[in-house]
Structure formats: C-alpha cells, structure tokens
Amino acid sequence: MTYNFKVIEEKWQKYWQDNQTFRAIQKSDKPKFYCLEMFPYPSGKLHMGHVRNYAIADVVARYKWMRQFNVLHPIGFDAFGQPAENAAIKNKSQPSTWTYACIDLMRQEMRKLGFSYDWQREVVTCDANYYKWNQWIFLRMFERGLAYKKPASVNWCSSCATTLANEEVISGKCWRCDNEVEQKELEQWFLKITEYKDRLLEDLKLLKGWPQRVIAMQENWIGKSQGVEIYFKIEGVDEIITVFTTRVDTIFGATYIVLAPEHPIISNIKNPCLAGRQEISNIKEVDKYIQKTKKESKEERTDLVKEKTGVQLKGVFAINPVNGDRIPIYLADYVLMEYGTGAIMAVPAHDQRDFLFAKKYKLSIKIVIRNTQYAIRNTEELTEAFEGDGIQVNSGQFDGLDNNKAKVEIAKWMEEKKIGKRTTHYRLRDWLISRQRYWGTPIPIIYCQKCGIVPVADSDLPVRLPEKVKFSAKEFVDVPCPKCKAKAHRDTDTMATFIDSSWYFLRFCSPCFDKGPFEKEEVKYWMPIDQYIGGIEHAILHLLYSRFFTKFLKDLGLVDTVEPFNRLLTQGMVLKDGAVMSKSKGNVIDPDSVISKYGADTLRLFILFSAPPEAELEYNERAIEGSWRFLNRVWNLATQLSDVSCQMSDKKQNIELQRIVHRTIKKVTQDFEEFKFNTAISAIMELVNEIYKKFTINSLQCTVCKEAVRVVVLLLSPIVPHICEEMWQMLGEKPPISTANWPVFEEAFIKTEILTIIIQIDGKLRSKIEAGVNIPDEEIKKMALNDEKIQKWIAGKRVKEVILVKHKLVNVVTQ
RNA sequence: GGGCGGAUGGCGGAAUUGGCAGACGCGUAUGGCUUAGGACCAUAUGGGGAGACCCUUGGAGGUUCAAAUCCUCUUCCGCCCACCA
C-alpha cells in the first residue's frame, strides 16, 4: 500500500496557509532566528537548484521552529532585470505584466513544495514601494559623496546594450549573455565601495560561520597588496614616472621601465614643447603600437599564451633613483593602466615575465638577490628568473642583507631620500551602477542647464517608471529643475539590479513600513541573519555589495550590525549525468514532473539524503524511488499503529529499542545543528529498520514501539513535513507537528552496561569480547589474552606489550 | 602563476581529538508472495581464495602499538582569481 501524497500534501499546504502557521511573531521571549535563502529572479519556473536551496533552508527553519525559536523565514522576488524586457518584446506586452505573471507561477510552485514561508512579508523589488527606497538610499549616498558621476572607460556589452560592473565581467565576457565586453567612454554613476575597502577586508575576520573559500574569494577580489611607489625621473624632461612594486628589494636590478600604452605621460613626452631637447626617434613605430593595442579587446590583450610584445621609446631614458643607472623605457600591452600606476619597473633577473621580455629585446639583466641554494656566477647562466628569497648583492649598502629584511630597510631609506613611498594598492574598483535599461529603478537625478546635477527631493520619491516601455516618453524625461524650476531633464538610466538585492533582507523585517526603507527597531530585533543559504556563484557580487550596503546603513545609524550574514551555507550544484543541468545540454529535470509522480516530500527527502548540502548532487531517478520507498515504509508503520490503543506496556522487553531511539535523537539533533542532513536521514532509516526487525504486526501493539514511531515522525518532519503532519494526526497527536517540541534524548537510556571490546593483534582485528563497563583495565587485558581466538594467534609468540583504550579496544603487540 | 577544495566498492556517499573501513541508500543476486510481471517482504553483497587466511581508502615513502585520518614527496580532477607589477 502506498500513501496518497496528492491528497495529503494539498491538505496540509492549505492547513498551514489557513492557520498562518509560519507567521513570524514580532515580539517574543524566545530567542530569534532569521533564516534566509537568496531570493529568486522570477523566471516563472523553479529549477532543481532552487528546490535544493529552499529545501535546505526550509529544514533549517522548521527545525528551529521545533526548537522553539522565534523564526523569521521570508521570501520575495528579485524582479527587475533584463529577461522581463526581452520577454515583453517577444510577447508584445509589458515587462511588469510578464514579471507579475511569473511571480504568480513561482509562488504556486513554492507552495507545492511546502516551504514554511511567512508569506505576509513577501517583498517584490519592482514594486514602487520597494524601489522607492533604492532611490532614497542612493540619495543618502549622493549627499555623502558616495554616489558620484564620472566619465570613465567602462565595460560595455553590445548585446545587452548596457554597461557592466567589473564584477559582472567574467573573463572578458558578459556574465549574463557571454558576449565579448568592450571598453567605452561614458559618463556614468558609481558607488564608492572603495571607501569601505579596508572594512570590507578587515571584517571578513568576523565571519566565522562562512566557508573559507568564499572569504578567500572576497579577499582576492578586494586584492590588497602592500608595496612601494618609486619615482623615476626622465632624463632631460620635467616628468616623473611613478611605478608600484611589491618587490622593492629588487630595485637595484631594475634595468628598464615599461608603461601601459594608454599611459598619459606618453603624450607629454611626445609633445616637443614640453619635452624640451628630448625626442622620440621612432615616434611612428610607437604610435602604431598604441593604435594596435587600442583595437584589441581585453580578452585578446590579456591572452596569457600570447608572446609579450613591446616597443621602446627610443632616445628617452629614465634614471633608476637608487643607483643613477640610465635605463630604457618601453611600452607594452601586458602592463595595464587600471592596475597599480600603469607603469612597472622591470627586474628581469627576478621576474619571469621581465626575464622573457628582456631576452626577446636583448635588455640587460642584473642579479641583485643571490640564490643561496644554487650559486649562479654570471647572468649568462640564467635560464629563468629567480623569484625566491635570498641575499642582497649589487645593492649598495644593502648587500648581504636577507631580501625580506632589505624590503623594509630599502623602503625606509627611499622614503628618507624622497625617491619612494610605502603605499597599498587594491584591485577593488568603485561600483558602476548605471544601466541603459528600462526595467529597473530610475536614478533619482535631474539635469538642469543652470544648476547641473540636482537630486530629486525625498518628498518626490518614488520616481516611478513610466508605464509604457517607450523610454524617451516626454512626460517622464522633461521635468522642471527642483532648484530653479527651469526646463530640465531626468536621468534616463536605471540602477543595476544588484542594488535591489543589497538590502532586501532588511526590508523583510518590516515589509510594509512607509516612513523609511525599514523600521529601525524591527531590524535591530531580527538582524543579523542567523543563517543565509544560496549558491556559490554569488560569492563575490551579491555578498560583497550586501556587506557594503549594510556598513553604509550602519554609518547612517539605521542598523546595528556590521555584517549582515552571520553564517553562510553555499549549496552545491545539481548535476545530471555528471554535468550541470542546463537547457543547452538538454539534461534538465523539471521538479514539477517529480512532484506529480512522487510528491514534494519524496523530492525533498531525495535532495537532502543524496549528498551533503555543500557537495554536488547527482540527480538519480532510481534513488528517488528509494526515498519514495522509505516514506511508504514509515507510512505503513504509522498506519498499523494508528488503530491500536497502547494499553499494554512492554517497556522492559524493549529497553534495547529505547536505547536506539534515544541514540537516534542525539545523532539527528547533532547532525541538524551541523547541516549534515544526509547522515541524519540515514540514522532515522536505521531506526526504522530496527523497528521493522523487532516487531511483527501482532506485537506492534506496545507503547515503546508507538513511541519509537512517534519519534521517527518528529525527527523527519522538518524534511518531509506533509506526510509527517498526517502521521502525527493519525497517531492521535494534535496538529501541527511543525511547531511541536523537538524530541529530547536522555543519556540514561543511551548508556549501556555491556560493551563490545575490539581485540587487535599488532593493530589487526582478531576478536571481540563483551565486557561490563566497570570491569578494571587489568581484568579486561586478561580477558583479551585468554580469548580463544587470541590464544591461537599468540601461540609461539612473545607478547611485548598490551595497549588498552578504555571501553574501546585492546591491542596485543607481539615481538 | 596564485588561492581553495577533492580522490574511499558497480554508483551516491559514511567513518577525523588516529582505534572494527565501507553506515545508510541505489544497483545486483537468491528466496518468499504472485497465473505472470510489478509492488512488497527476507537474506546476501569491497576484491582474491576451496579454505585457513590475505589484500584494499589515487600513488610512493614516513611517524605510530594502531593511519582513509598526521607528516613528506607525487599523480590526477574540480572551482575561483590572474600578464596584479
């Protein structure tokens, strides 16, 4: 007999909804628990990745409910973005129509999976009541100079017809459409995330509940590197080239300088009026190289396989400030204007790139760090650069010093002589947020001929999106200047959608609040998020931006916490036949098809059982059947017990089962605390197997057995809530099980009097003995040696030593 | 090049202050039930060997009474970043 999941699942979904079982209570004496998953983009269809994400979060939330926490578990929709625009064009409708239709579909799918959301708190980012506060936060940043407009060379995706943030460019390609990203000169809005760079880096230390690799990725992205800026004079020209290096210990070995082809100093050197008596003799060749570089895409330019090329500025020389050496200046496309100072000093003896470049252009190589492992007498012997640590040579007064000590000493000395300065460089750039798209938050700025950039007044928020996609709609663009009332026009760009997701978790605390982005007291109560769950693909973008926003709002005095996400779990991908499920591979399994065949509970159980949450999950139809089978096994136990009254207590006979029950509660509780759902489920399966083993249908009628099944149902309920609600009721308990008390284990039941002791000989298992807990160690050793099998093994051998691990094993060591 | 993670049966995966390797599930085999198939139930299931036993956690060494677990070297795989100065 199999259970009717269709009827049961619908019944309890309706029950939870009608009774508002999962509504978060605002004030409570219980400790709070804010559980959140990364909210979805409303594509209209849930995929397996979503289901996995939300199933994990749902187990956490439901478990915390049962542990009697005051739980906040909300959901919403990240509703702005490009797919809605494309769909609108395709269907000749409006992005909003399409988006809201998709939201309805997704909401239904989520309900069908039985997730324990507080639906009253749903947040939709394309609602003016939400994006109004994007604009409000933007204006607060604008007032503080943290939102600013500047012309910049920006990443441009021609297929999406919009700009992209650095974080949205994945190896030279658009994160969304994989199109090659170009560089374009545009005037755009930026958020000064770099103002928070040190705090964003420093506070990573506070995130004890984050996976190491996400922390590493963020550190990497911020990219702090400490070093020295060195000033090189140009011979005969009143110009200075500043380079940045982390290896100031090699400065005496700098034998040439390389500039990025875009470096502004080049035009100054080229200008004969400024350049004085210096002239670049190969000016045509230099210009040609600059033009060639300009034409290259970033992808082509940063191709690692490509041999490095460059061109010398002939006739012009720089002076190495530490030793007065006259060194040539090159342009090369591998030096990037965006990083460091756009100029490097080249030390071919101690940098492999420089070494190859110097060999190619026959530039001089000078050893300044001696390899203590392998002595090299002259530079001709060098086959590659020596990048390791060693002793300073050819470095003036620093000769003989350990190079790491020299790094400090040389930097100090250069600062004294004013030829260098210790500085820190970062990889992190300000966040470009202007998007040339319709379906997003309008930037609340007006441009007036007289007053320039004028912010929209708070009282005029929200700046609503015009109803029709027609972007240049006059009624939207043409507005009077808020300051002087003269004719002016609005910014027609919208904000990057990552703004929406940078603070939505705060909005959930008071979703209907209309006097600010959120109610301070509510946020104070609920934040920080105790558990955040989502995909690793957001390790940099979303998580970094959210941390930035939280810190900014903390500075405004609106939130108390420094970091928004206390603990983070990044769930693994869902695979089919070893590959990530994707439309192009044609290996997508629609969760809906599984639900209609086996029900939501089976799908949830399968997902949580088949792999630990962080690991990849291979979808396997057969394994789904296994989950289905298990639920039916439990169902049959509950069915058989439902009709019997449990008068006859047979406790004594079932102490062993009692022990297993309590051991299982202990194990499952520990596993839930550590998100080891797969092993928690196997422990429950073992208990179910035990129940089946010990009792025939006739002797099922006993209290201990019913108690055991009751515990199974409780332990399983966060994972498979529908069937457990039904069984709970069948067992004569009052619904809902969802908020019932989590079972408690008693050590007294778990303890045993008789232990199994392993006996090894020379570390290999040879026998086992049963022994009482209180038998003294010496006695145990004797028992082990007298064991029949052991006697056989040690016959004719000398026993050298007997090692005893209390209550566990005896190891007999022979000669 | 840098960083992080991984490698355990036919498969997904258990086991970490070092102490029974392979829990649980899938698959497979045999039996029961069934007209039959499915479903269900029971038993078995790392490899070798007739057996006593031996071998086995990517590979090679080491530490230890004892190693999947710790150390050294090495191979392969995955992810992230990267001409980063």
Side-chain angles (χ1 to χ4, degrees), chain A residues 1-2 170-171 211-221 223-225 227-228 230 243-248 250 258 260 301-308 332-336 338-347 351-354 356-357 387 425-427 536-537 539-540 572-573 575 605-606 609-612 614-627 629-630 632-633 636 667 676 678-689 692-693 756-768 792 800-814:
Chain A
M1 252 261 301
T2 55
I170 314 293
S171 22
Q212 262 309 308
R213 69 171 177 146
V214 176
I215 291 183
M217 280 162 82
Q218 292 224 350
E219 268 171 6
N220 214 325
W221 189 261
K224 182 175 183 173
S225 84
V228 178
I230 303 171
V243 306
F244 175 72
T245 181
T246 53
R247 287 295 305 270
V248 73
T250 64
V258 189
R301 186 169 161 182
T302 56
D303 182 3
L304 276 169
V305 192
K306 192 184 76 174
E307 199 188 358
K308 314 226 174 320
D333 61 1
Y334 75 89
V335 175
L336 306 172
E338 314 82 274
Y339 191 80
T341 59
I344 62 164
M345 66 177 204
V347 186
D351 181 291
Q352 185 60 17
R353 259 175 328 173
D354 296 345
L356 293 174
F357 194 86
E387 295 180 333
H425 276 260
Y426 293 82
R427 222 187 70 104
I536 186 75
E537 65 273 20
I540 297 170
M573 303 247 192
L575 313 181
L605 180 67
F606 160 75
F609 177 57
S610 296
E614 301 89 344
E616 287 175 339
L617 170 77
E618 173 73 29
Y619 179 86
N620 182 335
E621 175 75 26
R622 295 283 207 165
I624 296 234
E625 279 176 32
S627 295
R629 214 150 35 212
F630 171 70
N632 279 298
R633 271 163 72 78
N636 285 333
K667 165 81 177 150
K676 289 155 81 175
N678 54 333
T679 49
I681 293 165
S682 29
I684 301 170
M685 285 174 167
E686 281 177 85
L687 175 55
V688 170
N689 290 345
Y692 264 88
K693 238 180 238 170
T756 304
I757 307 288
I758 306 300
I759 310 174
Q760 298 179 330
I761 290 178
D762 299 323
K764 286 190 175 163
L765 173 74
R766 295 303 181 198
S767 187
K768 291 177 190 183
K792 214 175 73 191
K800 197 174 131 198
E801 204 183 347
V802 179
I803 288 161
L804 181 133
V805 181
K806 203 160 180 66
H807 294 169
K808 265 187 184 165
L809 75 91
V810 175
N811 188 14
V812 179
V813 187
T814 65

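Throughout, a chain's letter reflects where its sequence line sits, starting with A, and its residues are numbered from 1.
- To the nearest angstrom, P of B:A85 lies 17 Å from CG of A:Leu356.
- A:Ile536 has its side chain out of reach of A:Glu614: every pair of non-hydrogen atoms, C-beta onward, lies at least 4.5 Å apart.
- Checking B:C81, B:C84, B:G19 against the side-chain heavy atoms of A:Tyr339 singles out B:C84 as nearest.
- Distance noted for atom P between B:A44 and B:A23: 12 Å (whole Å).
- Residue-to-nucleotide contacts include no donor-acceptor pair under 3.5 Å from the side chain of A:Asn220 to the base of B:C81.
- For B:G78, the glycosidic angle deviates from 0 by more than 90°, giving an anti base.
- Contact check, A:Arg427 against B:C84: no side-chain N or O comes under 4.0 Å of OP1 or OP2.
- When distances are taken from the side chain of A:Leu336 to each of B:A14, B:C83, B:A42, the shortest belongs to B:C83.
- Among the protein residues, A:Pro211 comes within range of no part of the nucleic acid, since none of its heavy atoms lies under 4.0 Å from any strand.
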Query - Chi angles and distances behind the ring pair (Phe, Tyr, Trp, His ring centres under 6.0 Å) call for A:Tyr339, A:Phe244 - result: CA-CA 9 Å; A:Tyr339 191 80; A:Phe244 175 72; 7.1 Å; no
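- The nearest whole Å value for the distance from the CG atom in A:Asn689 to the P atom in B:C24 is 7 Å.
- Base pairing annotation: B:G1 forms a Watson-Crick or G-U wobble pair with B:C81, both donor-acceptor distances under 3.5 Å.
- B:G27 is paired with B:U45 under the Watson-Crick or G-U wobble criterion, all donor-acceptor distances under 3.5 Å.
- B:U45 sits 14 Å from B:G25 when the P atoms are compared, rounded to a whole Å.
- Across all strands shown, A:Gly626 has heavy atoms under 4.0 Å from sugar-phosphate atoms exclusively, and none from any base.
- Look at the P atom in both B:G2 and B:C84: the space between them is 11 Å, to the nearest Å.
- With both pairing distances under 3.5 Å, B:A67 is matched to nothing as a Watson-Crick or G-U wobble pair.
- With a 4.5 Å cut-off on side-chain heavy atoms, A:Val347 and A:Arg247 do not count as touching.
- B:A85 atom P lies 18 Å from atom CZ of A:Phe357, rounded to whole Å.
- Atom name C1', nucleotides B:U57 and B:A15: the rounded distance is 11 Å, in whole Å.
- Listed candidates were B:C83, B:G13, B:G19. Nearest to the side chain of A:Leu809 is B:G19.
- Closest to the side chain of A:Leu765, out of B:A14, B:A85, B:C20, is B:C20.
- Nearest-nucleotide assignment on RNA chain B puts the 5′-proximal partner with A:Ser610, out of A:Gln760 and A:Ser610.
- Looking at A:Lys308 and A:Leu356, their side chains never come closer than 4.5 Å, going by heavy atoms from C-beta outward.
- Checking B:U17 for Watson-Crick or G-U wobble geometry (two distances, each under 3.5 Å) identifies no partner in any strand.
- Spacing of C1' atoms, B:G5 relative to B:G58, comes out at 16 Å, to the nearest Å.
- Using atom P as the reference point in both B:U43 and B:C26, the two lie 14 Å apart (nearest Å).
- Nucleotides B:G59 and B:U69, compared at atom P, are 11 Å apart to the nearest Å.
- Remark: P of B:C65 and CG of A:Asn811 are 10 Å apart, rounded to the nearest angstrom.
- Atom CD in A:Glu616 sits about 16 Å away from atom P in B:G5, given to the nearest Å.
- You'll find that the side chain of A:Arg629 is closest to B:G27, out of B:G27, B:C20, B:C4.
- Between the C1' atom of B:G5 and the CE atom of A:Met217 lies a distance of 12 Å, rounded to the nearest Å.
- Rounded to the nearest Å, the gap between the P atom of B:G22 and that of B:G37 is 35 Å.
- If you look at A:Tyr334 and A:Phe357, their ring centroids are closer than 6.0 Å.
- Within 4.0 Å (heavy atoms only), A:Ile684 reaches no atom of the nucleic acid at all.
- Spacing between atom CZ of A:Phe609 and atom C1' of B:C11 amounts to 13 Å, rounded to whole angstrom units.
- In this model, no side-chain donor or acceptor of A:Lys808 finds a partner on the base of B:C20 within 3.5 Å.
- Between A:Lys676 and B:A23, a side-chain N or O to OP1/OP2 separation shorter than 4.0 Å is absent.
- Put simply, the side chain of A:Glu801 does not reach to within 4.5 Å of the side chain of A:Asn811, judged on heavy atoms.
- Looking only at distances, a side-chain donor or acceptor of A:Glu387 sits under 3.5 Å from a matching main-chain atom of A:Gln352.
- Residue A:Gln212 places no side-chain atom within donor-acceptor reach of the base of B:G5, judged by atom type and a 3.5 Å distance cut-off alone.
- Side-chain contact between A:Phe609 and A:Ile684 is absent, with no heavy atoms from C-beta onward closer than 4.5 Å.
- Within 4.0 Å (heavy atoms only), A:Glu686 reaches sugar-phosphate atoms of the nucleic acid but no base atom.
- Between B:G13, B:C26, B:C81, one nucleotide has an atom nearer to the side chain of A:Ala611 than all others, and that is B:G13.
- Residue contacts shown for A:Lys764 are limited to sugar-phosphate atoms, with no base heavy atom under 4.0 Å away.
- For the pair A:His425/A:Thr246, no side-chain contact is recorded, criterion being any heavy-atom separation below 4.5 Å from C-beta on.
- A close approach under 4.0 Å does occur between a side-chain nitrogen or oxygen of A:Arg633 and OP1 or OP2 of B:C41.
- In this structure, B:A36 makes no Watson-Crick or G-U wobble pair, since no nucleotide meets both defining distances under 3.5 angstrom.
- For the pair A:Arg766 and A:Glu801, both in contact range of RNA chain B, the more 5′-proximal nearest nucleotide belongs to A:Arg766.
- Following rounding to the nearest Å, A:Lys693 (NZ) and B:U43 (P) show an atom-to-atom distance of 7 Å.
- With distances taken from any side-chain atom of A:Asn678 to the nucleotides B:G25, B:G3, B:A14, the minimum falls on B:A14.
- With B:A85, B:C24, B:C65 as the choices, the nucleotide that has an atom nearest any side-chain atom of A:Arg353 turns out to be B:A85.
- Residue contacts for A:Val243: at a heavy-atom cut-off of 4.0 Å it reaches no nucleic acid atom on any strand shown.
- In this structure, B:C76 and B:G6 make a Watson-Crick or G-U wobble pair, each of the two defining distances being under 3.5 angstrom.
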